Amino acid sequence: GGKVRFRDRTTDPPVEVALDRLQLTADNVTTEKDRKAKFSFSTAFQRTGSVSLDGDFSIEPPSLGAKVRVKAIPISPVQPYFTDKVKILVTGGAVGAEGDLSVDATKGAPTNVGYKGKVSVNGFSSVDKDRGEEFLKFATLLLGGVDAGNAPRKVFIGEIALSDFFSRIIVNPDATLNVQGIVAKGAAPGDNSAATAVTVPPADAEKPVPTPVRIEVVTLQGGTILFSDRYVKPNYTAS
């Protein structure tokens, strides 16, 4: 029956998160090496969503294995964390997930985090900040058969399915696409609003190994794309 109210004032506007109906049960908790304890945790998130975890954990070495269920977690409350990084405003949408989470933090080795299951985004809508026009909305985006981890790094997705979607694609007067500038660029050199540091790695520095990504199937269903070309004269629009 616990409640938690969290406010982060480092963002503008502040991020406010409400957790209600907190419940936690843990059995056979011990610091003995390689001994597992059972636990169950659940909470309501922003009154409309919920999060629950059921599984086991150990203190020595630190590890966790749990069945995760996430339902209807709204995106808008955490938008201040990424609003300055994108040029769209999220006006609706909620995240869900169901799968198995594993964490292994054995001393002397990198923390290994893995997830197997599915992730979905439902009722998503967004607008272009610059033009105030509808940019992208959809009923459901499902990522099924997800197998992701960091040791080794990998992302495998069995299926990506997007249904009942609407997208606005515009060729601007300068021949650029509106989707090209969605990710906001950093401050330009000489801009006093942000310090820019450039580090040149030594010639023998190891290049970062790219994360292997594999997607089996992509399905688009029930979509509408509104296309406008503002570069050609006269302008052209098609649906």
Side-chain angles (χ1 to χ4, degrees), residues 4-20 43-51 70-97 118-143 146 148 155 157 160-188 191-196 213 215 218-231 235-239:
V4 173
R5 297 293 180 267
F6 170 80
R7 175 177 291 177
D8 187 347
R9 292 176 177 166
T10 64
T11 62
D12 184 22
V15 171
E16 298 193 24
V17 174
L19 304 180
D20 295 285
T43 182
F45 184 94
Q46 300 296 88
R47 298 180 177 84
T48 60
S50 64
V51 178
V70 176
K71 295 182 179 179
I73 299 297
I75 299 172
S76 55
V78 298
Q79 186 161 222
Y81 286 131
F82 60 82
T83 190
D84 61 336
K85 297 177 177 62
V86 294
K87 294 184 178 181
I88 61 172
L89 181 67
V90 177
T91 55
V95 177
K118 62 181 180 180
V119 179
S120 64
V121 181
N122 302 296
F124 181 87
S125 58
S126 62
V127 297
D128 188 311
K129 287 180 183 177
D130 293 336
R131 299 176 180 84
E133 297 175 333
E134 201 167 39
F135 177 71
L136 173 66
K137 67 177 181 179
F138 53 80
T140 304
L141 172 63
L142 173 67
L143 280 66
V146 176
V155 177
I157 302 174
I160 296 178
L162 183 64
S163 63
D164 298 328
F165 62 93
F166 170 85
S167 180
R168 187 86 165 93
I169 298 179
I170 300 171
V171 180
N172 297 313
D174 61 358
T176 61
L177 285 171
N178 63 329
V179 295
Q180 287 178 287
I182 291 306
V183 178
K185 295 180 180 179
D191 186 348
N192 293 329
S193 63
T196 303
V213 177
I215 300 170
V218 176
T219 302
L220 306 178
Q221 183 175 354
T224 298
I225 296 176
L226 183 58
F227 171 80
S228 295
D229 191 335
R230 296 172 180 173
Y231 175 72
N235 296 163
Y236 174 77
T237 297
S239 180

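Numbers here simply count residues along the sequence, with the first being 1. Quick caveat: nothing in here was measured; it's all calculated off a predicted structure.
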Is there side-chain contact between Thr219 and Ile160, with heavy atoms separated by less than 4.5 Å? no

Run the side chain to side chain contact (heavy atoms under 4.5 Å, CB included) test on Phe165 and Leu220 for me, step by step, so that the C-alpha distance in whole Å, both residues' side-chain angles and the decisive distance to 0.1 Å come before the verdict. CA-CA 8 Å; Phe165 62 93; Leu220 306 178; 3.9 Å; yes

Contacts of Lys129 that satisfy side-chain contact (heavy atoms from CB on, under 4.5 Å) - sequence neighbours left out: Thr83, Leu89

If you measure from CD on Glu133 to OG on Ser228, what distance do you get to the nearest 0.5 Å? 7.5 Å

Partner set under side-chain hydrogen bond (donor to acceptor under 3.5 Å, both in side chains) for Thr91, not counting sequence neighbours: Ser125

Candidate pair Phe227 and Thr237, rule side chain to side chain contact (heavy atoms under 4.5 Å, CB included), full reasoning: CA-CA 6 Å; Phe227 171 80; Thr237 297; over 6 Å; no

Give me each pair satisfying salt bridge (Lys or Arg N to Asp or Glu O under 4.0 Å) with a member in residues 4-13, each pair once, sequence neighbours excluded. Arg5-Asp20, Arg7-Glu16

Nearest-0.5 Å distance, OG1 of residue Thr11 to CZ of residue Phe82: 11.5 Å

Side-chain heavy-atom pair Ile170, Phe135 within 4.5 angstrom cut-off: no

With a 4.5 Å cut-off on side-chain heavy atoms, are Asp229 and Asn235 touching? no

Check side-chain contact (heavy atoms from CB on, under 4.5 Å) between Val17 and all other residues, then give those that pass, not counting sequence neighbours. Phe6, Val15, Leu19, Phe45, Gln46

Between Ser126 and Leu136 (side chain of the first, backbone of the second, donor and acceptor by atom type, cut-off under 3.5 Å), is there such a pair? yes

With sequence neighbours left out, write down each residue that passes ring-ring contact (aromatic ring centres under 6.0 Å, His included) with Phe124, or none if nothing qualifies. Phe138

Sorted by chain and number, sequence neighbours left out, side-chain contact (heavy atoms from CB on, under 4.5 Å) with Pro173 holds for Arg230

Run the side-chain contact (heavy atoms from CB on, under 4.5 Å) test against Asp130 and tell me which residues pass, sequence neighbours left out. Lys87, Asp128

Do Thr224 and Asp164 have side-chain heavy atoms sitting under 4.5 Å apart? no

Determine, stepwise, if the pair Ile75 / Val121 fulfils side chain to side chain contact (heavy atoms under 4.5 Å, CB included). CA-CA 9 Å; Ile75 299 172; Val121 181; 4.1 Å; yes

Among all residues two or more places apart in sequence or in another chain, which pass the salt bridge (charged side-chain N to carboxylate O under 4.0 Å, His left out) test with Lys137? Glu134

Is it the case that atom CD in Gln221 sees more than 12 heavy atoms from other parts of the structure closer than 6.0 Å? no

What are the two closest non-hydrogen atoms of Ile169 and Ile225, and how far apart are they? CD1-CG2, 3.9 Å

Decide yes or no on side chain to side chain contact (heavy atoms under 4.5 Å, CB included) for Thr140 and Leu162, but give the supporting numbers first. CA-CA 6 Å; Thr140 304; Leu162 183 64; over 6 Å; no

Residue list, side-chain hydrogen bond (donor to acceptor under 3.5 Å, both in side chains) with Asp84, at least two apart or on another chain: none

Would you check if Ile73 and Val51 make a side-chain contact, meaning some heavy-atom pair closer than 4.5 Å? yes

List in chain and number order the residues that pass side-chain hydrogen bond (donor to acceptor under 3.5 Å, both in side chains) with Asn172, two or more places apart in sequence or in another chain; answer none if no residue qualifies. Arg131, Thr176

